[in-house]
Amino acid sequence: METTTTTQPPIGTIAKIGQHDGQTVIIRGWLYNLRESGKLLFPIFRDGTGVIQGVVPKSQVTPETFETIKNLTLESSVVVTGKVRADKRAPGGYELDVSDVRVVEKVPVDDPFPISLKEHGPDFLMEHRHLWVRTPRQTAILRIRHEIIRAARNFFDERGFVLTDPPILTPAACEGTSTLFPVNYFEEQAYLTQSGQLYIEATAMALGKVYSFGPTFRAEKSKTRRHLTEFWMVEPEVAYAQLDDIMELAENFISHIVQSVVANRRDDLKAVDRDVTKLENIKAPFPRITYDEAVKRLQEGHQKGQLETRFEWGGDLGSPDETYLSSQFDRPVMVHRYPAKVKAFYMEPDPGNPELALCVDVLAPEGYGEIIGGSQRIGDYDLLLQRIREHGLPEEAFKWYLDLRKYGGVPHAGFGMGIERAVAWICGLEHVRETIPFARTLTRIYP
RNA sequence: UCCUCAGUAGCUCAAUGGCAGAGCAUCCGGCUGUUAACCGGAGGGUUGUAGGUUCGAGUCCUACCUGAGGAGCCA
């Protein structure tokens, strides 16, 4: 038997195709588009890292290769051999002079790829999300999401935080609301978690500085561009930290994430038409206003006719209120010390005014609303027990949580950031459904 | 749960109560530098569902279904 000694060209990726300028490489990917002009074909290939146009003059390839490419259907998988050539006309700077194509799997002619290059409506796109994710804008968003998560973990890892994963199946409501997904747990009632916070308070008492990163679930019947029923949160929790400490942590955290995306995913930001200069501004420190001052600003807004209803002290900020407040700043604004009444049961009262809670919401600019909520947690056993009773929570379910105060409780604080809202803001997206590979919303659990 | 809007070809959308249409996609043909290529041609329809008004309903009325984004609630 004869052995072939022909050396194979190297396998290249489109994102780093410039390294192979002038060389013959193999690209393994899919046909993104095909334009033709008589005896000249322009197949556009994608490989997950980018897109490159191939050039196929009929005179330069075998008739079989020419016919194969000419008859290719969009999104057919192909292994392409070609010579990389720098070209000023190419959007990416390089073109591929194709010499050979091997078709791995051809998309059927009578059942073409449903996502065309033209516009589609949101319902159609979501129904085909498994295919929609292949398109350039969606891959750019998913790479930015990855960078945000990478930067977030990197931020905590470098500061000595330990990743501790809280459970996803929980015996009771974390925050005592009725927005949980019930699960049958061996004939016992259980729920999908709505926050890992209570559990990382426990690991913070073990390890000092901890964080969690995982999915959370809300059965809330919200259908807006800001809501998913399943979303990811990153939550740090720090023993001996007070409100001011985590406010500083939060602003440095957000700065780090945004600047990482600006530095490492500039092309992807361009692909989603993001105004990068707005992101370059996002550097700590961030403006801080008290709830009291926020109320004052909202009432002024109403007087000027920019807000429909007059905001009264004591309520929680609504979505239009957040948009109005954040529009007054060019970076995220931190609103702190809300009335304890409108916040969760576990928040430490402000010693200066026990009606207020030592908490902070970080509102993203450009109307993206709350991306971080955080607080100092109650340290005193008796006060915590009192709050649990006031909120009508099942005391037995919180026995372990109370133990954290009984056995060496300390002041501690933390916050949670919703990944999808951060991605939506950083990418400048209309809707959070594009920020996660497979969004779960009130009306959709397929695909 | 409430409010508002929408549903017509595979997709995006037109159509004064009077013949069901266009662009894109698909197929056939043309073009050696195209950039969501372009030019010519072809096929493609139970107008969301059920009822009602009318000589006649995609269009008007009622109910329902589905979706959208806003409120509330939240990240």
Side-chain angles (χ1 to χ4, degrees), chain A residues 32-44 51-60 66 71 73-75 85 87-92 95 97 107-128 132 135-137 174-175 177-180 194-197 215-235 308-309 315-323 342-344 361-364 368-374 415-425 430-433 435-436 441-444:
Chain A
Y32 173 65
N33 195 11
L34 176 64
R35 290 186 280 258
E36 57 171 302
S37 177
K39 297 178 178 63
L40 190 55
L41 305 178
F42 297 102
I44 300 177
V51 162
I52 191 169
Q53 173 166 282
V55 184
V56 189
K58 194 168 190 177
S59 56
Q60 301 294 309
F66 190 83
N71 292 324
T73 40
L74 299 196
E75 286 301 316
R85 175 174 43 76
D87 193 306
K88 286 211 174 73
R89 290 168 292 191
E95 289 187 336
D97 289 324
V107 172
V109 168
D110 56 357
D111 195 3
F113 191 70
I115 316 267
S116 73
L117 275 51
K118 279 273 186 177
E119 280 179 49
H120 297 282
D123 188 48
F124 178 83
L125 290 171
M126 288 306 285
E127 194 69 15
H128 297 85
W132 186 26
T135 59
R137 182 181 163 84
C174 284
E175 305 185 4
T177 60
S178 58
T179 61
L180 297 151
Q194 66 175 184
S195 164
Q197 183 206 309
T216 50
F217 306 86
R218 305 275 166 98
E220 196 61 57
K221 297 204 171 172
S222 314
K223 19 190 258 180
T224 80
R225 64 181 75 181
R226 300 180 307 280
H227 287 89
L228 299 171
T229 53
E230 176 183 315
F231 64 96
W232 288 66
M233 274 217 287
V234 55
E235 299 176 279
E308 251 180 68
T309 50
D316 203 356
L317 267 49
S319 187
D321 305 319
E322 291 181 353
T323 302
V342 301
K343 287 292 178 182
D361 282 359
V362 183
L363 311 182
Y368 282 92
E370 183 184 346
I371 51 169
I372 278 183
F415 63 80
M417 184 183 80
I419 295 292
E420 287 74 20
R421 283 195 185 168
V423 176
W425 163 49
E430 279 290 308
H431 202 298
V432 289
R433 69 185 154 219
T435 64
I436 184 167
T441 66
L442 184 58
T443 56
R444 177 168 296 283

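The structure presented is a predicted model; accordingly, all values stated were derived computationally and were not measured. The sequence lines fix the lettering, A, B, ..., with proteins before strands; numbering per chain opens at 1.
- OP1 or OP2 of B/U1 sits under 4.0 Å from a side-chain N or O of A/Lys221.
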Report task. In sequence, state the C-alpha distance, the side-chain angles, and the governing distance for A/Leu125 and A/Ile115, and then conclude on side chain to side chain contact (heavy atoms under 4.5 Å, CB included). Result -> CA-CA 8 Å; A/Leu125 290 171; A/Ile115 316 267; 4.0 Å; yes
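- Of the two residues contacting RNA chain B, namely A/Leu228 and A/Thr73, the nearest-nucleotide position lying further toward the 5' end is that of A/Thr73.
- Listed pair A/His227 / B/A75 fails the phosphate criterion, with no side-chain N or O lying under 4.0 Å from OP1 or OP2.
- Under 4.0 angstrom from either OP1 or OP2 of B/G72 there lies no side-chain N or O belonging to A/Ser319.
- A heavy-atom distance below 4.5 Å is not found between the side chains of A/Leu442 and A/Ser222.
- Once the 5.5 Å centre distance and the 30° plane angle are applied, the aromatic ring of A/Phe42 is found not to be stacked with the base of B/G33.
- Taking CG of A/Asp316 as the reference point, atom CD of A/Glu370 lies at 8.0 Å (rounded to 0.5 Å).
- Within 3.5 Å, no donor on the side chain of A/Arg35 pairs with an acceptor on the base of B/C31, nor the reverse.
- With A/His431 as reference, A/Arg225 is the one residue of A/Glu420, A/Arg225, A/Arg226 to meet the side-chain contact (heavy atoms from CB on, under 4.5 Å) rule.
- At B/A36, none of the side-chain N or O atoms of A/Arg137 fall inside 4.0 Å of OP1 or OP2 (strictly under the cut-off).
- Classified by interplanar angle (parallel below 30°, tilted 30° to 60°, perpendicular above 60°), the ring pair A/Phe124/A/His128 is tilted.
- The nucleotide whose nearest atom lies closest to any side-chain atom of A/Arg218 is, among B/U34, B/A75, B/G67, B/A75.
- Rounded to a whole Å, the CG atom of A/Leu317 is 13 Å from the C1' atom of B/C74.
- Contact annotation: side chain of A/Ser222 to base of B/G72, donor-acceptor pair present below 3.5 Å.
- Here the side chain of A/Glu220 pairs no donor or acceptor atom with the backbone of A/Thr229 at under 3.5 angstrom.
- The nucleotide whose nearest atom lies closest to any side-chain atom of A/Thr443 is, among B/U32, B/A68, B/A36, B/A68.
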Report task. Taking Watson-Crick and G-U wobble pairs with both distances under 3.5 Å, convert RNA chain B into its dot-bracket string, 5' to 3', dots for unpaired and | for cross-strand pairs. Result -> (((((((..((((....[..)))).(((((.......))))).....(((((..]....))))))))))))....
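- Side-chain N/O atoms of A/Gln53 and base N/O atoms of B/U34 include a donor-acceptor pair closer than 3.5 Å.
- For A/Arg225 and B/C74, the shortest distance from a side-chain N or O to OP1 or OP2 is not below 4.0 Å.
- Take the nearest nucleotide of RNA chain B for A/Phe124 and for A/Leu74: the residue whose nucleotide is more 5' is A/Phe124.
- Look at CD1 on A/Ile115: it is 14 Å from C1' on B/C24, rounded to the nearest Å.
- Judged by distance alone, the side chain of A/Thr73 and the main-chain N or O of A/Val109 form no donor-acceptor pair under 3.5 Å.
- Looking at heavy-atom distances under 4.0 Å, A/Val109 makes contact with sugar-phosphate atoms alone, never a base.
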